[in-house]
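Any value given below was found using the heavy atoms of this structure, including those in side chains, with hydrogens, waters and symmetry copies removed.
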Amino acid sequence: MIIDLYCIPMFALCSLVCKEKNIPYEVIPGTSLIPTDPKAEALFEQASSIETFNFNAFVAPIVAEKVFKPRRGLQPDEERVSELLGMLQSKMDAYDLILSKQKYLAGDSATLADLSHLPYGAAFCGAGFAEVIESRPNLARWWKDISNRPAWLAVKDGA
């Protein structure tokens with residue numbers, strides 16, 4: 001199968017690799033990072049879209065400006081960062097509302113849709129924007145939960 005991997009969201013790429021290589025989605029027996037039940041899978045796909053269009057679309061460019069540009073000796077575009085932060089606020093309010101009704105984005109079990117927030121989310125918080133997450137109680141609870149998972153803690157400094 002030929003696919004343009006530069007335009008595919010991270011969760012979709014992970015799902016594709018798992019399916020192609022026949023890797024089980026169960027990291028912990030009885031717990032699937034990519035649900036197979038039709039309703040749970042639909043909620044997972046919805047949560048994955050939320051990550052792509054309401055988190056990553058804003059956080060990734062902020063991280064590019066505040067983390068990656070300085071590493072290359074370039075100055076961040078502070079006006080762009082402010083604009084993106086302004087747009088991100090209402091998205092984070094929506095996350096907080098969703099997470100007030102359920103433990104994770106796709107329901108009461110963590111999925112790849114939750115975990116795909118970790119790399120850019122950690123860089124975003126590390127760049128001085130943790131307050132955006134921590135100021136919202138349900139979002140803060142969720143972030144603390146996913147960012148303190150043993151598997152993430154084992155690899156985060158290399159992410």
Do side-chain atoms of S82 reach the backbone of E79 as a donor and acceptor pair under 3.5 angstrom?
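No: the side chain of S82 does not pair with the backbone of E79.
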Main-chain N/O of P76 paired with E65 side-chain donor or acceptor, under 3.5 Å
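Here the side-chain-to-backbone pair does not exist.
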For W143 and L118: C-alpha separation, side-chain torsions, deciding distance, then whether side-chain contact (heavy atoms from CB on, under 4.5 Å) applies.
CA-CA 9 Å; W143 179 253; L118 288 168; 4.0 Å; yes
Which distance, rounded to the nearest 0.5 Å, do you find between the [atom1] of [X] and the [atom2] of [Y]?
X: I50; Y: I98; atom1: CD1; atom2: CD1; value: 4.0 Å
X: S116; Y: I146; atom1: OG; atom2: CD1; value: 8.0 Å
X: R136; Y: S100; atom1: CZ; atom2: OG; value: 13.0 Å
X: D114; Y: S147; atom1: CG; atom2: OG; value: 11.5 Å
X: M92; Y: N138; atom1: CE; atom2: CG; value: 13.0 Å
X: K91; Y: L139; atom1: NZ; atom2: CG; value: 14.5 Å

Between [X] and [Y], is there shared hydrophobic-cluster membership here, with clusters defined by ILVMFWY side-chain heavy atoms closer than 4.5 Å?
X: L85; Y: F68; value: yes
X: F58; Y: L105; value: yes
X: F53; Y: Y120; value: no

Verify side-chain contact (heavy atoms from CB on, under 4.5 Å) between V59 and L88, making sure each step is shown before the conclusion.
CA-CA 8 Å; V59 171; L88 180 63; 3.9 Å; yes
Considering residues at least two apart in sequence or located in another chain, which fulfil the ring-ring contact (aromatic ring centres under 6.0 Å, His included) criterion with F55?
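Residues passing ring-ring contact (aromatic ring centres under 6.0 Å, His included) with F55: H117.
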Could I get the full list of ring-ring contact (aromatic ring centres under 6.0 Å, His included) partners for F129, not counting sequence neighbours?
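In terms of ring-ring contact (aromatic ring centres under 6.0 Å, His included), with neighbours along the sequence ignored, F129 is linked to F124.
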Would Y95 and I133 count as a side-chain contact (heavy atoms from CB on, under 4.5 Å) here? Give the steps.
CA-CA 10 Å; Y95 266 67; I133 293 171; over 6 Å; no
Please assess L115 against W152 for the test side-chain contact (heavy atoms from CB on, under 4.5 Å), listing each intermediate value before the final yes or no.
CA-CA 9 Å; L115 303 182; W152 174 248; over 6 Å; no
Closest approach of V67 and A123, non-hydrogen atoms and distance?
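Here V67 and A123 meet closest at CG2-O, 4.2 Å.
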So which atom in D96 and which in P137 form the shortest heavy-atom distance, rounded to 0.1 Å?
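Answer, listing the atom of D96 first, then P137: OD1-N, 3.6 Å.
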For D145, all residues meeting salt bridge (Lys or Arg N to Asp or Glu O under 4.0 Å), sequence neighbours excluded:
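For D145, the residues satisfying salt bridge (Lys or Arg N to Asp or Glu O under 4.0 Å) (neighbours in sequence not counted) are K103.
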